[in-house]
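Values reported hereafter were calculated over all heavy atoms of this structure, with side chains retained and with hydrogens, waters and symmetry mates removed. Chain naming here is simple, since letters A, B, ... match the order of the sequence lines and numbering starts at 1 in each.
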Amino acid sequence: DAGITQSPRHKVTETGTPVTLRCHQTENHRYMYWYRQDPGHGLRLIHYSYGVKDTDKGEVSDGYSVSRSKTEDFLLTLESATSSQTSVYFCAGRWDSSYEQYFGPGTRLTVT
Amino acid sequence: GNSVTQMEGPVTLSEEAFLTINCTYTATGYPSLFWYVQYPGEGLQLLLKATKADDKGSNKGFEATYRKETTSFHLEKGSVQVSDSAVYFCALKGGSGGSNYKLTFGKGTLLTVNP
């Protein structure tokens with residue numbers, strides 16, 4: 001089984017609708033991260049979690065919220081999707097003992 | 001703050017050519033340095049890392065040496081293959097102060113290898 005999975009892998013939604021992306025991990029990562037990847041911007045950190053129910057903002061957090069009710073799952077919610085949130089979203093995890101992050105396969109989100 | 005600058009690309013090479021992708025960084029203290037690779041349609045995969053000055057990370061024929069005197073971590077491979085076509089990201093974890101939780105990424109370099 002893959003260590004980090006993301007669902008859905010592809011989603012098309014309309015402006016103004018709420019969207020939730022799910023990240024699930026089976027690696028017992030303490031830290032988890034949500035990034036967005038856009039041409040010309042590379043990877044930008046949206047939110048991260050340093051434990052169950054412990055989260056904090058990254059550099060592009062406006063319009064996004066996260067929740068982590070158990071170690072395995074880290075949810076990213078767009079309360080009211082906008083076209084500027086069309087992107088590829090990646091989840092990543094990290095263990096306490098090292099600094100490298102391990103990435104999921106990504107979710108391609110299109111907001112029309 | 002921390003920052004990573006890598007050559008913009010795209011880089012196009014013929015199979016068996018020598019590859020260098022430059023990466024320089026700005027950070028306080030003694031950062032840890034990483035190279036990630038992203039194949040089309042996939043997430044990023046850790047390629048190699050180095051955690052202290054003069055360390056050499058290596059994997060799958062790729063190498064990079066942590067040079068504190070030049071604040072660099074250039075990626076090299078002696079003979080590239082078509083299967084190496086991907087986007088390569090340099091990243092660092094800051095050495096002191098700031099947040100221990102985050103990595104700082106470069107913007108990525110697209111490599112295309114032609115047969």
Side-chain angles (χ1 to χ4, degrees), chain A residues 2-10 21 23-25 27 29-51 54-61 66 68 74 87-108, chain B residues 1-10 21 23 25 27 29-52 55 57-59 64 66 73 86-110:
Chain A
I4 295 180
T5 57
Q6 294 183 230
S7 58
R9 293 293 314 278
H10 302 272
L21 308 183
C23 177
H24 179 74
Q25 57 110 346
E27 302 291 330
H29 292 299
R30 175 186 171 187
Y31 302 93
M32 296 185 76
Y33 308 81
W34 276 107
Y35 294 90
R36 60 178 290 173
Q37 184 177 36
D38 305 287
H41 292 278
L43 281 169
R44 293 182 289 176
L45 182 65
I46 304 171
H47 281 281
Y48 63 97
S49 168
Y50 47 98
D54 291 323
T55 65
D56 205 348
K57 296 179 179 180
E59 58 186 298
V60 290
S61 59
V66 290
R68 192 168 178 202
F74 192 34
S87 186
V88 181
Y89 291 87
F90 289 100
C91 174
R94 175 171 85 79
W95 289 293
D96 242 336
S97 56
S98 61
Y99 295 112
E100 58 263 34
Q101 296 177 17
Y102 297 88
F103 284 77
T107 294
R108 182 173 295 277
Chain B
N2 299 325
S3 69
V4 174
T5 302
Q6 57 181 109
M7 60 191 290
E8 292 213 359
I21 300 177
C23 172
Y25 67 88
Y30 299 90
S32 296
L33 299 170
F34 308 89
W35 276 102
Y36 281 83
V37 58
Q38 184 180 29
Y39 299 103
E42 299 184 9
L44 279 70
Q45 300 176 26
L46 179 66
L47 182 59
L48 53 84
K49 68 177 183 179
T51 57
K52 61 183 187 294
D55 266 2
S58 61
N59 186 25
Y66 185 156
F73 192 54
V87 180
Y88 292 82
F89 292 90
C90 184
L92 71 83
K93 195 285 294 182
S96 64
S99 170
N100 280 327
Y101 308 133
K102 307 175 195 174
L103 294 180
T104 300
F105 287 88
K107 293 192 173 181
T109 302
L110 173 63

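More than 12 heavy atoms of other shown residues, nucleotides or ligands fall within 6.0 angstrom of atom CD in Q45(B). The 12-atom threshold is not exceeded at CZ of R108(A), counting heavy atoms of other residues, nucleotides or ligands nearer than 6.0 Å.
Heavy-atom distances place the side chain of R9(A), and not its backbone, under 4.5 Å from chain B. In this structure, chain A has a heavy atom under 4.5 Å from the side chain of Q38(B), while its backbone stays farther away. Heavy atoms closer than 4.5 Å to chain B are found in the side chain of Q37(A), but not in its backbone.
Contact record, S32(B) with Y99(A): OG-CD1, 4.3 Å, taken as the closest heavy-atom pair. Of all non-hydrogen atoms in F34(B) and E100(A), the two that sit nearest each other are CE2-CB, 3.6 Å.
The side chain to side chain donor-acceptor pair (under 3.5 Å) check on K107(B) picks up nothing, with sequence neighbours excluded. Under the rule for a side chain to side chain donor-acceptor pair (under 3.5 Å), Y36(B) has no partner lying at least two apart in sequence or in another chain.
If you tally non-hydrogen atom pairs under 4.5 Å between each of L103(B), V87(B), L46(B) and chain A, the highest count goes to L103(B). Residue with the most contacts toward chain A among T51(B), T104(B), L44(B): L44(B) (heavy-atom pairs, distance under 4.5 Å).
Between K102(B) atom NZ and Y35(A) atom OH the span is 9.5 Å, to the nearest 0.5 Å. With rounding to the nearest 0.5 angstrom, the CD atom of E42(B) is 13.5 Å from the CZ atom of F103(A).
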